[in-house]
Chemist: 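This structure is in C-alpha cells; I'll ask about it shortly.
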Amino acid sequence: MQKPLTLFCLPCAGASATMYLRWRRLLPSWITVEPLELSGRGSRMDEFPAESYAALTQSLCDELVPSLPERYVLFGHSMGALLAYGVAQGLYAKRLSMPIALLVSGCAAPSHQDSQRYNNMQSDAALIADLSKQGGTPEEVFGNQELLRMTLDLLRVDYRVCGSYEHAQLPPLPIPIHSFGGRADEISAARLNDWRLESTQTFTLDWFDGGHFFLRQSEDWFIYVLKKRLMESQIEVFSATLASA
C-alpha cells in the first residue's frame, strides 16, 4: 500500500491552477493533487501578479513552508517547471524539508533557458503568434476579445517572469528529477537531458506524442507515466530509509 503523497502543481505561463483540477479524479487516492495558484489569476485575481522570477519563487517558498506535508513532490509544466525548480532550490538553500522528487514538464534545463526570447515577445501580435504555435489555448479564447485581452495581459506578465530568470551555477539538488517532453515540441532532447545536471540522484526523461502541450494531447499515457514515476519516488524513499536504519 502506497503512503500518502502530495503533488504540488505549478501552472504554465498564462494559465491558472485550474489546469490541474481534473488530475484529482485521474490519479489514485494516495496522491493528493494540490494546484498552486499564482497571484493575479483564479482565486487570487485581486492580487497584483509578480513580474520577477526571484520574487515569485521566494514568495512561493514562503507560502509553502508553514504547511509542508511529510511527503510531497513538486511538479510544473513549462514556466511552472522553472518555478518548481526555483522553489526546490530555495528550500534546499534554507535546509528545509525537501520534496522526494522534482517533476519538470515541457521545460528546457536551467542552463538552456533563453530569457531573451521572452523579453522579445511583449507585443500583442507576438503573444498571439506564440499562443497559436504552442497549441494549448482553446479556440474560443481567440474569438472572444475580453478573454483574449485577459489571457494576453497575464501571458505578458508571465513572460516577464521568465525573461527575468538569470541562470546561476547552483548546487545540484539531492533529489530525483523526472523530466517529460513532447516529440513534436521545439525543445530539443539535449535541452531536456541537461536537467540531469541539476540532481545528484536519479534522472529520467520520458517522451510523449504531441507538441508543447503533450500532457493534454497524450493525457492517458502521460497520467500513467506520471503515476509510475511517483510510485518509483516512494520506493526510493523507502529504500533509503531502510538503508539508513
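Since this is a predicted model, take the numbers as computed values, not measurements.
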Chemist: Could you tell me how the ring of Tyr165 sits relative to the ring of His167: parallel (under 30°), tilted (30 to 60°) or perpendicular (over 60°)?
Modeler: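 Tilted, since the angle between the ring planes falls between 30° and 60°.
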
Chemist: Any side-chain heavy-atom pair from Leu173 and Gln89 closer than 4.5 angstrom?
Modeler: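 Yes; the side chains approach each other to less than 4.5 Å.
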
Chemist: Does a donor on one side chain sit under 3.5 Å from an acceptor on the other, for Asn119 and Tyr159?
Modeler: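 Judged by distance alone, the side chains do not pair up.
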
Chemist: Tell me whether Leu74 is reachable from Val225 by hopping between hydrophobic residues (I, L, V, M, F, W, Y) whose side-chain heavy atoms are closer than 4.5 Å.
Modeler: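 Cluster IDs for Val225 and Leu74 differ.
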
Chemist: When you check the gap from the basic side-chain N to the acidic O, do Lys228 and Asp206 get nearer than 4.0 Å?
Modeler: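 No, no charged N to carboxylate O under 4.0 Å.
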
Chemist: In the structure I gave you, are the side-chain heavy atoms of Pro110 and Tyr85 within less than 4.5 Å of one another anywhere?
Modeler: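 Pro110 reaches Tyr85 side chain to side chain.
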
Chemist: Are any side-chain N or O atoms of Ser218 and backbone N or O atoms of Leu215, one a donor and one an acceptor, separated by less than 3.5 Å?
Modeler: no

Chemist: When you compare the side chain of Gln116 with that of Asn120, does any pair of heavy atoms fall below 4.5 Å?
Modeler: yes

Chemist: Measuring only between side-chain heavy atoms, which start at C-beta, is Arg41 closer than 4.5 Å to Leu154?
Modeler: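 A side-chain contact exists here, since the closest heavy-atom pair is under 4.5 Å.
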
Chemist: Supply the atom-to-atom distance Ile175 CD1 to Glu198 CD, rounded to the nearest 0.5 angstrom.
Modeler: 11.0 Å

Chemist: Distance from Arg71 atom CZ to Ser97 atom OG, nearest 0.5 Å?
Modeler: 11.5 Å

Chemist: Are the side chains of Met79 and Cys107 in contact, using a 4.5 Å heavy-atom criterion?
Modeler: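 They are not in side-chain contact.
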
Chemist: What class does the angle between the rings of Tyr72 and Phe8 fall in, given that below 30° is parallel, 30 to 60° is tilted and above 60° is perpendicular?
Modeler: perpendicular

Chemist: Please check if the distance between the ring centroids of His77 and Phe213 is under 6.0 Å.
Modeler: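 Close enough - the centres of the two rings lie under 6.0 Å apart.
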
Chemist: Please verify the inter-ring angle class for Phe222 with Trp23; under 30° counts as parallel, over 60° as perpendicular, anything in between as tilted.
Modeler: tilted

Chemist: Is the backbone of Gln122 close enough, under 3.5 Å, to the side chain of Arg156 for a donor and an acceptor to pair up by distance?
Modeler: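 A pair under 3.5 Å: yes.
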
Chemist: Linking I/L/V/M/F/W/Y whenever their side-chain heavy atoms sit closer than 4.5 Å, directly or via other members, would Leu103 and Trp30 fall into one cluster?
Modeler: yes

Chemist: Take atom CE in Met98; do more than 12 heavy atoms of anything else shown fall under 6.0 Å from it?
Modeler: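 Result for CE/Met98: enclosed.
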
Chemist: To the nearest 0.5 Å, what is the distance between CD (Glu186) and CD (Gln134)?
Modeler: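 Those atoms lie 6.0 Å apart.
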
Chemist: Is any side-chain heavy atom of Ile100 less than 4.5 Å from a side-chain heavy atom of Leu230?
Modeler: no

